[in-house]
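Numbering of ligands and ligand atoms starts at 1, following listing order.
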Amino acid sequence: MEDPIHELDLESDLEELRKTFKSGKTKEESWRKSQLKALLSFLEEQEDAIFNALMQDLGKHPVEAYRDEIGPLIKTVNHALQNLKKWMSSKKIPLPVVAFPATAALVPEPLGVVLVLSSWNVPFGISLEALIGAIAAGNAVILKPSEVSPSSSSVLADVMQTYLDSEAIKVIQGGPSVGEKLLQLKWDKIFFTGSKRVGRIVMAAAANNLTPVALELGGKCPAIVDSLSSSWDKKMAAKRIISAKFGTCAAQACIAIDYILVQKNFAPTLVELLKAEILSTLGEDIKETNFMARIVNKNHFSRLRNLLREPGVEESIVHGGKLDEDNLLIEPTLLVDPPLKAGIMVEEIFGPLLPIITLEKIEDSIDFTNANPRALAIYVFTNDKKLMKRLTSETSSGSIVYNDAIIQYIAETLPFGGVGECGFGRYHGKFSFDMFSHEKTVAYRGYLVDFWFRYPPWNEQKMWLFKSAYRFNYLGVVLIMLGLKKS
Ligand code: NAD
């Protein structure tokens, strides 16, 4: 898609949003609710348009689209509608005795006009999770979805936009040049989902205006697979791994399993279990069954093909590996011990290639994981409580999930976000409201009592009084209040 940069007047769009925000309209609970309800109507009434767009952009099966995008979004909007009043209310905060008489509260206020830049892989889910939070918190918003999923972006810009108050919420289509132009403007927050490369550009641009940013980036999420005790557990683990890898947008997902770590002596069993699950859940011919999404475009297809063509990689394939460029399909592919220096083990794969790295002992997975940049998620399949305890305390990641994968994404009660290089800022549910709010301290003091010793001129006695007060010496404080120690 061509960038429509010349037709856009981003400055006047932003100005209109600023004017609306200044009017106070977006702060009203009734406005926030009306926009959230409008999003709900969009999701319910435009289900077919969303399914079609996701099929065109990614070949995403409607059931998968509902499971991963429409369903979680409906849940998120309803959760926000049910809790909005509570989230918007101020919280009373106790103050120390020395401040008597005083009261204080934390009052959430919207940040202002915020920019949401999103990625193509979960085009509705990612854009709207952020949008719901920004609206619930009372902000005006510009959303720029990704040009790489053009059908979804056009449903967001042409269809969803008609449901929303365009004086306060705008969806702008375009690619990097529109993104760059937007970044030159002054925002009250930038919420970015995408690659580390562009994340750096966003952060540098935001620094010019001291704009706060949230970066939801990618990385390599490992799955550590222990030799589980029962055959049921082994089979279930394999099913969940296959679903989290190949059944989630063909692993074009930031929290998809990137690679597996397994003990050498369990690897052959695991490979057989994974092969069996691929066949039973996705079928023998993925083009025919259509249960696995396709690669988003030719560029990404070539990128993945190049990963397979690096020396030593193709030889490590133990299942799959067939490429269908015309239909942008890549067979679910398992590789055992590809070279650790190859791109497939260095870059985020973001596609249906699953390297399995064998280790002498499963405990070696801790050092292996720690030797790499921190991941958005670590998945561990084990029954060993001691190993769980060690992994929780000795590794760092956005989340760690035992015996399943991806489930952390759909729980609105859990914050979603990264740590270290995979990004910062957490959202979903109430955390999204917090992401787009400032909790303002509002303190109130009365005139009844005044501590004479807080003012100069300074002397020894005042020092003693401060020491008593700050060390919770309440007798000292009482004496101070009674004025008995007044010099
Ligand atoms: P990307 O960085 O290429 O693009 C993201 C957004 O930035 C798009 O809207 C794009 O148009 C815009 N953009 C591109 N270049 C720009 C520039 N120079 N200036 C301003 N804006 C620019 O990322 P992508 O390919 O869309 O997404 C894939 C990446 O996103 C993967 O790394 C994946 O792991 C990550 N991701 C992370 C999460 C998360 O929640 N952490 C979720 C989904 C995807």
Exercise. Could you check Phe433, Trp87, Phe431 and say which one makes a ring-ring contact (aromatic ring centres under 6.0 Å, His included) with His79?
Key: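 Answer after filtering Phe433, Trp87, Phe431: Trp87.
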Quiz item: Do the non-hydrogen side-chain atoms of Ile330 and Leu353 ever get within less than 4.5 Å of each other?
Solution: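 Yes - at least one pair of side-chain heavy atoms lies under 4.5 Å apart.
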Exercise. Check whether any side-chain heavy atom of Met435 sits under 4.5 Å from a side-chain heavy atom of Arg426, and report yes or no.
Key: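 No; the side chains remain at least 4.5 Å from each other.
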Run the side-chain donor-acceptor check on residues 208-217: report pairs under 3.5 Å with partners two or more places apart or on a different chain.
{"unit_1": "Thr211", "atom_1": "OG1", "unit_2": "Trp187", "atom_2": "O", "d": "3.3"}

Please produce the table of protein N or O atoms sitting under 3.5 Å from N or O atoms belonging to ligand 1, one pair a line, distance to 0.1 Å.
{"unit_1": "ligand 1", "atom_1": "2 (O)", "unit_2": "Ser195", "atom_2": "N", "d": "2.8"}
{"unit_1": "ligand 1", "atom_1": "2 (O)", "unit_2": "Ser195", "atom_2": "OG", "d": "2.6"}
{"unit_1": "ligand 1", "atom_1": "9 (O)", "unit_2": "Ser118", "atom_2": "O", "d": "2.7"}
{"unit_1": "ligand 1", "atom_1": "9 (O)", "unit_2": "Lys144", "atom_2": "NZ", "d": "3.0"}
{"unit_1": "ligand 1", "atom_1": "11 (O)", "unit_2": "Lys144", "atom_2": "NZ", "d": "2.8"}
{"unit_1": "ligand 1", "atom_1": "11 (O)", "unit_2": "Glu147", "atom_2": "OE1", "d": "2.7"}
{"unit_1": "ligand 1", "atom_1": "18 (N)", "unit_2": "Glu180", "atom_2": "OE2", "d": "3.1"}
{"unit_1": "ligand 1", "atom_1": "23 (O)", "unit_2": "Ser195", "atom_2": "N", "d": "3.3"}
{"unit_1": "ligand 1", "atom_1": "25 (O)", "unit_2": "Trp120", "atom_2": "NE1", "d": "2.9"}
{"unit_1": "ligand 1", "atom_1": "26 (O)", "unit_2": "Trp120", "atom_2": "NE1", "d": "3.4"}
{"unit_1": "ligand 1", "atom_1": "30 (O)", "unit_2": "Gly194", "atom_2": "O", "d": "3.2"}
{"unit_1": "ligand 1", "atom_1": "32 (O)", "unit_2": "Glu348", "atom_2": "OE1", "d": "2.7"}
{"unit_1": "ligand 1", "atom_1": "34 (O)", "unit_2": "Glu348", "atom_2": "OE1", "d": "3.4"}
{"unit_1": "ligand 1", "atom_1": "34 (O)", "unit_2": "Glu348", "atom_2": "OE2", "d": "2.5"}
{"unit_1": "ligand 1", "atom_1": "41 (N)", "unit_2": "Leu217", "atom_2": "N", "d": "3.4"}
{"unit_1": "ligand 1", "atom_1": "41 (N)", "unit_2": "Leu217", "atom_2": "O", "d": "2.7"}

Please set out all donor-acceptor pairs under 3.5 angstrom arising from side-chain atoms of residues 137-144, sequence neighbours excluded.
{"unit_1": "Asn139", "atom_1": "OD1", "unit_2": "Leu111", "atom_2": "N", "d": "2.8"}
{"unit_1": "Asn139", "atom_1": "OD1", "unit_2": "Gly112", "atom_2": "N", "d": "2.9"}
{"unit_1": "Asn139", "atom_1": "ND2", "unit_2": "Ala134", "atom_2": "O", "d": "3.0"}
{"unit_1": "Asn139", "atom_1": "ND2", "unit_2": "Phe436", "atom_2": "O", "d": "3.0"}
{"unit_1": "Lys144", "atom_1": "NZ", "unit_2": "Gly174", "atom_2": "O", "d": "2.7"}

Quiz item: Sequence neighbours excluded, which residues qualify as ring-ring contact (aromatic ring centres under 6.0 Å, His included) partners of Tyr259?
Solution: Phe368
